[in-house]
Amino acid sequence: MTFKREDGGLLNATGRSPTPGVLELMLEATTDLGIDKQSLQIQPTGDVFLN
């Protein structure tokens, strides 16, 4: 899954699993290029990667 801001700005994406089988993804605007995220990958093993 890919995501981007409407204005083309940077995003800080963080995820958490409040209960097994549930993933919450929070997207916040940022100005820090080092934490900018644009995609989410979920592997068949259940591993989740934010890139």
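Keep in mind that the numbers below use all heavy atoms, side chains included, and drop hydrogens, waters and symmetry copies.
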**OP:** Kindly indicate, with the supporting measurements, whether the criterion side chain to side chain contact (heavy atoms under 4.5 Å, CB included) is fulfilled by Ile42 and Asp47.
**Re:** CA-CA 6 Å; Ile42 302 174; Asp47 292 330; over 6 Å; no

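Residue Gly9 comes nearest to Asp7 through the heavy atom pair N-OD1, 2.9 Å, listed as atom of the first residue, atom of the second, then distance. Nearest heavy atoms, Phe49 versus Gln43: CE1-CG, 3.5 Å. What you find for Ala13 and Leu25 is that their closest heavy atoms are CB-CD1, 4.2 Å. Taking both residues in full, the closest heavy atoms of Leu50 and Phe3 are given as CD2-CZ, 4.2 Å, listed atom of the first, atom of the second, then distance.
Within the 3.5 Å criterion, the main-chain N or O of Ser39 finds no donor-acceptor partner in the side chain of Asn51. Under the 3.5 Å distance criterion, the side-chain polar atoms of Arg5 are left unmatched by any main-chain donor or acceptor of Leu11.
With a 6.0 Å radius and a threshold of 12 heavy atoms from other residues, nucleotides or ligands, Met1 has its CE atom at or below the threshold.
Judged as a side-chain hydrogen bond (donor to acceptor under 3.5 Å, both in side chains), the pairs with a partner in residues 21-33 (not counting sequence neighbours) are, in order, Arg16-Glu24.
Proximity of Leu40 to Val48: side-chain heavy atoms (C-beta onward) are separated by under 4.5 Å at one or more points.
To the nearest 0.5 Å, atoms OG1 (Thr2) and CD (Gln41) are separated by 11.0 Å. Rounded to the nearest 0.5 angstrom, Thr14 OG1 and Lys37 NZ are separated by 10.5 Å.
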